[in-house]
2 protein chains.
Amino acid sequence: MGWGRITIGKMEFVDIVRHIHPLKKEDLQNLLSLSETVQVSKNTVFIEADKPSKYIYFLQEGICRIYYHKADIEIILAFSFPGEAMISLNNYVYGTRGYENIEALETSIMTRIEIASLQDLYENSTAIANWGRKLAEFEILKIEERLMQKLFKTASERYQDLIRKESNITNRVKLGFIASYLGVTQVTLSRIRANTR
Amino acid sequence: MGWGRITIGKMEFVDIVRHIHPLKKEDLQNLLSLSETVQVSKNTVFIEADKPSKYIYFLQEGICRIYYHKADIEIILAFSFPGEAMISLNNYVYGTRGYENIEALETSIMTRIEIASLQDLYENSTAIANWGRKLAEFEILKIEERLMQKLFKTASERYQDLIRKESNITNRVKLGFIASYLGVTQVTLSRIRANTR
DNA sequence: AATAACTTTTTACAAATGTTAAAAAATCAG
DNA sequence: CTGATTTTTTAACATTTGTAAAAAGTTATT
């Protein structure tokens, strides 16, 4: 569909941090001093299942997919957009290996922090501990939202919801991925799209 | 099935608290001083959707169901067993009204803490803030587990998983509820059970 | 511009699950 | 214990979704 690239969202790391939980200058500085901005090129898997992942990432620009691999099935749990945190959950919580693979679907800018250093901060600053608490709480809400969608809504409704929220996602992500995210086959998604016209 | 009641798990509140994140005597005392043990009788809905819920509950004894109501559909998100926390998520995180109804399926013992007081503690104690962070992180893992089950496994596998984990749940919870939890109709669950024999 | 590789849609058929209704089984109340 | 109520299973049929393969459309490369 030769439309050319769509303008995409961008977010500064400090804004991402502050949006989770406001911090005083000193705490903010401590967090920022641990952070490192990286560019991840298209189709790079930067968090891999079964491998320890040292970092928590915050997406500033681009789009990623979080997916699980099981036997020969691959299922997309979520897409990440600017402003969102990306982690290997079990790794972050227990320090063990996790299930998630996370791949940049476009060349993306993200800021990362070493989880071990972050956890030191958690132990030494009440404000940052509460920041980490809020981060976790928002993740709960995000994943609960996803589960509710899956439990309550048909694939067709979930598709509508997705394009309402991210209107140009079909121009940035191939339909096979979107079908996987919705939990249906690509054939079913094609049928849904055919009935929506 | 005239078997008589099955012995059920029990948990002390202090053990539940310590299992989330170890606390020093003083912090533990602060938490305990805010807590209040209550008995909730069978079939009582003690957290209601669209109503503010002042408390976070920790189940010591009994079994509860967390369910959403939408139009005329009712879907069970989870069963709670001793040791688990029960909250209205949006209420806990944002102070707004939530989607969850939580009902005691058996007469249950639980300890509750006022969310507002707990949040005061979060602001004033690094250890308790980290305790709250861990609480949230474990909730993420729990709900992620549930989502993965739903995404990767057939209803039949999910049923097997459930009875492996809670072998006597079919004696304590009616199959209509279990079907709802599994995300299938009761007819489908009957078919699953018929094929498992 | 032509070819190859990849993505999306369509088709035909199979399998799984839902719906409705009724029967069977289990449980509860008096 | 017995009848009433609730829960669970079974049956018949409809609908949805999956599978596999082909066709159509798109993108990338030479």
Side-chain angles (χ1 to χ4, degrees), chain A residues 1-6 41-43 63 65 67 70-76 79 103 105-107 149-163 166 168-197, chain B residues 1-6 41-43 63 65 67 70-76 79 103 105-107 149-163 166 168-197:
Chain A
M1 296 178 186
W3 297 358
R5 273 284 146 256
I6 282 85
S41 38
K42 189 172 172 166
N43 300 330
I63 184 168
R65 69 176 176 124
Y67 64 101
K70 191 171 190 181
D72 52 343
I73 319 167
E74 183 186 292
I75 292 183
I76 294 180
F79 298 109
E103 177 188 1
L105 297 179
E106 298 170 355
T107 296
Q149 280 229 344
K150 183 85 181 140
L151 293 176
F152 270 112
K153 300 197 173 176
T154 64
S156 176
E157 289 169 323
R158 273 177 276 146
Y159 176 69
Q160 318 268 15
D161 285 357
L162 180 66
I163 53 179
E166 296 291 335
N168 63 3
I169 193 167
T170 50
N171 303 318
R172 297 170 73 187
V173 175
K174 62 184 173 186
L175 291 179
F177 283 169
I178 293 176
S180 169
Y181 170 76
L182 297 174
V184 295
T185 60
Q186 188 165 351
V187 175
T188 299
L189 179 55
S190 266
R191 287 193 271 238
I192 288 168
R193 285 161 58 84
N195 292 331
T196 308
R197 260 180 257 134
Chain B
M1 297 180 185
W3 297 356
R5 273 283 147 253
I6 281 86
S41 37
K42 190 172 171 166
N43 300 329
I63 185 168
R65 69 176 176 124
Y67 64 99
K70 191 172 190 182
D72 52 344
I73 319 167
E74 182 187 292
I75 292 182
I76 294 180
F79 297 110
E103 176 188 0
L105 297 179
E106 298 169 355
T107 297
Q149 279 228 345
K150 184 86 181 142
L151 292 175
F152 270 112
K153 300 196 173 177
T154 63
S156 176
E157 290 169 323
R158 274 177 275 146
Y159 176 69
Q160 318 268 14
D161 285 358
L162 180 65
I163 53 179
E166 296 290 335
N168 62 4
I169 193 168
T170 50
N171 304 318
R172 296 170 73 186
V173 175
K174 61 183 174 188
L175 293 178
F177 283 168
I178 293 176
S180 169
Y181 170 76
L182 296 174
V184 295
T185 60
Q186 186 164 353
V187 175
T188 299
L189 179 54
S190 267
R191 286 194 273 237
I192 287 169
R193 285 162 57 86
N195 292 331
T196 308
R197 262 179 256 131

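Residue numbers begin at 1 in each chain, while the letters A, B, ... track the order of the sequences.
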**Study point:** Side-chain touch Leu105(A)/Arg172(A), heavy atoms, less than 4.5 angstrom
**Key:** no

Review point. In whole angstroms, how far is the C1' atom of dT27(C) from the NZ atom of Lys42(B)?
Key: 11 Å

Revision key, fill the gap. Taken in chain and number order and not counting sequence neighbours, the residues that satisfy side chain to side chain donor-acceptor pair (under 3.5 Å) with Glu74(B) are Arg65(B)

Revision key, fill the gap. Contacts of Ile163(A) meeting side-chain contact (heavy atoms from CB on, under 4.5 Å) (sequence neighbours excluded), chain-then-number -> Tyr159(A), Ile169(A), Thr170(A)

Review point. Atom CD1 of Ile192(B) to atom P of dT9(D): distance rounded to whole Å?
Key: 11 Å

Review point. Base, sugar-phosphate alone, or nothing: which one does Ala155(A) contact when heavy atoms must sit under 4.0 Å apart?
Key: nothing

Exercise for review: Grab the CG-P distance between Leu105(A) and dT7(C) for me, whole Å please.
Suggested key: 12 Å

**Study point:** ring-ring contact (aromatic ring centres under 6.0 Å, His included) partners of Phe79(A), counting only residues at least two apart
**Key:** Tyr181(A)

Point to revise | Positions of residues 181-188 of chain A (non-hydrogen atom under 4.0 Å from DNA chain C), listed by number | key: Gln186(A), Val187(A)

Review point. dT9(C) C1' sits how many Å from Ile178(A) CD1, rounded?
Key: 15 Å

Check your understanding: Which nucleotide in the set dT7(D), dT9(D), dT17(C) lies at the smallest distance from any side-chain heavy atom of Ser190(B)?
Key -> dT9(D)

Review point. Roughly, in whole Å, what's the span from CG in Asn43(B) to P in dC28(C)?
Key: 12 Å

**Study point:** Rounded to 10 degrees, the angle between the two terminal axes of the helix from dA1(C)-dT30(D) to dG30(C)-dC1(D), each from five pairs
**Key:** 40°

Review point. Does OP1 or OP2 of dT8(C) have a side-chain N or O of Arg193(A) closer than 4.0 Å?
Key: no

Review point. How would you list, by chain and number, every residue that makes a side chain to side chain donor-acceptor pair (under 3.5 Å) with Gln149(A), sequence neighbours excluded?
Key: Asp161(A)

Revision key, fill the gap. Atom CG of Leu189(B) and atom P of dT9(D) are separated, to the nearest Å, by 7 Å

Practice item. Round to a whole Å and report the spacing from CG of Leu175(A) to P of dC6(C). Key: 17 Å

Point to revise | Nearest-Å distance for atom pair NZ/P, residues Lys150(A) and dT17(D) | key: 10 Å

Exercise for review: Between dT9(D), dT19(D), dT17(C), spot the one nearest the side chain of Arg191(A), thanks.
Suggested key: dT19(D)

Study note, to complete from the structure: Those residues at least two apart in sequence (or on a different chain) that pass side-chain contact (heavy atoms from CB on, under 4.5 Å) with Arg191(A) are Val187(A), Thr188(A)

Exercise for review: Could you list the residues that satisfy side chain to side chain donor-acceptor pair (under 3.5 Å) with Tyr67(B), not counting sequence neighbours?
Suggested key: none

**Study point:** Heavy-atom check, side chain of Val173(B) versus side chain of Glu166(B), under 4.5 Å
**Key:** no

Check your understanding: For Lys174(B), what residues pass the side-chain contact (heavy atoms from CB on, under 4.5 Å) criterion, not counting sequence neighbours?
Key -> Phe177(B)

